Q: 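The structure follows.
Owing to the predicted nature of the structure, the values given are computational and were not obtained by experimental measurement. For reference, positions follow the sequence shown, starting with 1.
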Amino acid sequence: MRRMPQSRPIDRKLTTILVADAANYSGRMSHDEEGTVHALRAARSVIDGAIDDAGGRIANTSGDGLIAEFLSVVRAVRCAVNIQVTLNQREDLLPFRLGIHLDDVIIEGNDLLGDGVNLAARLQEMAEVGGELVSQQVRDHVHGKIGGAALRPLGPATPRHLTEVGLYAIVADGVVAPRLLDNLGPKVAQSDLPVPEEDPAPAPKEPSENVIKARATFKKSCWRLGGGIAGLAFLDIALGLPPFLTVIPTIALLYLLYRKWGKLRAFEAEQA
């Protein structure tokens, strides 16, 4: 009886994954094929040399991108910074996005597979052109060890088909930072923000006896002057008097009422 061959075991290892991908590669190819290929070759020369100098290894490649691995997380981040600084300084090179993640991956020949690789690729997709994003796992290993570069939190994110991960942007001279850098920070729900304690509003001050009397006097004046204005209006309608005989006295009474109101406000201010 013929025996079925047993499948070989799957090998795994913990490693730092760097994913690099050229920005707008297809669009550039549609406008200038040969120029794009020359710019890609020159950019890949920079990237491949930087990875080799940092002790990394290129595992997977595509037409405009690659996946590399590093034994050291710190070296991977330093390498990424050096790559972007060089690419962003030269207009003859294709610009790239970079993503870095630390995870346990599957080894398939020379290739790297698994969710860790997929997550690094998602970080690359979310990065700015000329910039780089790293995961919380990478940040925990390199915090305080990358001179000349800072890691700014972007908050948690859940890439498609993957688990939630903390995002960090590499901020350094020559590396493109996220456009809304002032808004960076962990996303905090409004309900989670502390509510400041407000001082109780002071109780309204009771008016003094003099103010109460002044208000009562002003109220009586309003009734009297209002009655005078109403009387003038009645005479105007009933007797058909010339306009100047009623309009001028009415304006005078209104002005008098305004003066009394002004005196009352000034008196209240003195008593406050």
Side-chain angles (χ1 to χ4, degrees), residues 15-70 72-103 105 111-112 116-135 138-139 142 146 148-152 154 157 159 165 167-181 184:
T15 191
T16 307
I17 310 115
L18 181 150
V19 174
D21 196 73
N24 194 27
Y25 176 74
S26 299
R28 290 172 179 267
M29 285 290 287
S30 65
H31 287 88
D32 182 6
E33 290 182 342
E34 294 187 1
T36 301
V37 171
H38 285 304
L40 176 61
R41 287 177 179 174
R44 279 295 306 269
S45 177
V46 171
I47 296 171
D48 295 2
I51 292 173
D52 185 63
D53 292 342
R57 179 186 75 88
I58 297 177
N60 312 46
T61 61
S62 63
D64 60 334
L66 61 87
I67 299 171
E69 66 166 332
F70 297 80
S72 167
V73 186
V74 173
R75 284 191 174 187
V77 175
R78 287 177 179 168
C79 174
V81 171
N82 292 335
I83 289 172
Q84 291 295 38
V85 169
T86 303
L87 295 182
N88 294 337
Q89 288 176 343
R90 295 174 51 182
E91 296 183 357
D92 61 316
L93 305 178
L94 281 185
F96 272 69
R97 296 185 181 90
L98 303 181
I100 307 176
H101 178 52
L102 172 68
D103 208 338
V105 300
D111 295 342
L112 301 178
V117 178
N118 295 335
L119 180 52
R122 295 289 185 271
L123 295 176
Q124 172 272 131
E125 293 173 357
M126 291 186 286
E128 296 285 343
V129 177
E132 54 193 271
L133 294 183
V134 304
S135 65
V138 172
R139 182 266 178 193
V142 304
I146 309 296
L151 289 89
R152 295 289 298 275
L154 296 172
V165 63
L167 302 182
Y168 287 81
I170 299 294
V171 180
D173 290 339
V175 178
V176 177
R179 284 165 286 184
L180 301 179
L181 190 58
L184 296 187

Q: Can you confirm whether Leu66 sits close enough to Ile51 that some side-chain heavy atom of one is under 4.5 Å from a side-chain heavy atom of the other?
A: yes

Q: Which value, rounded to the nearest 0.5 Å, describes the distance between Asp53 atom CG and Arg75 atom CZ?
A: 10.0 Å

Q: Identify, with sequence neighbours excluded, every residue that meets side-chain hydrogen bond (donor to acceptor under 3.5 Å, both in side chains) alongside Asp173.
A: none

Q: So which heavy atom on Leu102 is nearest to which on Thr15, and how close?
A: CD1-O, 3.3 Å

Q: Could you measure the distance from the CD1 atom of Ile100 to the CG atom of Leu119? Nearest 0.5 Å is fine.
A: 12.0 Å

Q: Return all side-chain donor-acceptor pairs below 3.5 angstrom for residues 31-48, not counting sequence neighbours, or 'none' if the list is empty.
A:
{"residue": "His31", "atom": "ND1", "partner": "Gly27", "partner atom": "O", "Å": "2.9"}
{"residue": "Asp32", "atom": "OD1", "partner": "Gly35", "partner atom": "N", "Å": "3.0"}
{"residue": "Thr36", "atom": "OG1", "partner": "Arg28", "partner atom": "O", "Å": "3.1"}
{"residue": "Thr36", "atom": "OG1", "partner": "Asp32", "partner atom": "O", "Å": "2.6"}
{"residue": "Arg44", "atom": "NE", "partner": "Asp48", "partner atom": "OD1", "Å": "3.1"}
{"residue": "Arg44", "atom": "NH2", "partner": "Asp48", "partner atom": "OD1", "Å": "3.3"}
{"residue": "Arg44", "atom": "NH2", "partner": "Asp48", "partner atom": "OD2", "Å": "3.2"}

Q: Is there side-chain contact between Arg78 and Ile146, with heavy atoms separated by less than 4.5 Å?
A: yes

Q: Nearest heavy-atom pair of Asn88 and Gly174: which atoms, and what distance?
A: ND2-O, 2.8 Å

Q: Start with the C-alpha gap between Phe70 and Val77, add the side-chain angles, then the distance that decides, and say whether side chain to side chain contact (heavy atoms under 4.5 Å, CB included) holds.
A: CA-CA 10 Å; Phe70 297 80; Val77 175; over 6 Å; no

Q: Output a table of donor-acceptor pairs, distance under 3.5 Å, between side-chain atoms of residues 16-26 and any protein atom two or more places apart or on a different chain; print 'none' if there are none.
A:
none

Q: On a heavy-atom basis, which atom in Pro95 and which in Val129 lie closest, and how many Å separate them?
A: CB-CG1, 3.5 Å

Q: Do you know which of Leu151, Leu167, Val73 makes side chain to side chain contact (heavy atoms under 4.5 Å, CB included) with Arg139?
A: Leu151

Q: Quick one: closest heavy-atom pair of Ala172 and Gly148, and the distance?
A: CB-O, 3.5 Å

Q: Calculate, to the nearest 0.5 Å, the distance between atoms CG and NE2 belonging to Leu133 and His101 respectively.
A: 13.0 Å

Q: Quick check: closest heavy atoms across Ser135 and Leu123, and the distance to 0.1 Å?
A: N-CD1, 3.7 Å

Q: Looking only at heavy atoms, what is the nearest atom pair of Ile170 and Ala149, with distance?
A: CG2-CB, 4.3 Å

Q: Roughly how far apart are Gln124 CD and Arg97 CZ, rounded to 0.5 Å?
A: 6.5 Å

Q: Do Asn60 and Ser62 make a side-chain contact, defined as non-hydrogen atoms from C-beta onward lying under 4.5 Å apart?
A: no

Q: Spell out, as yes or no, whether a donor-acceptor pair under 3.5 Å connects the side chain of Gln84 to the backbone of Gly131.
A: yes

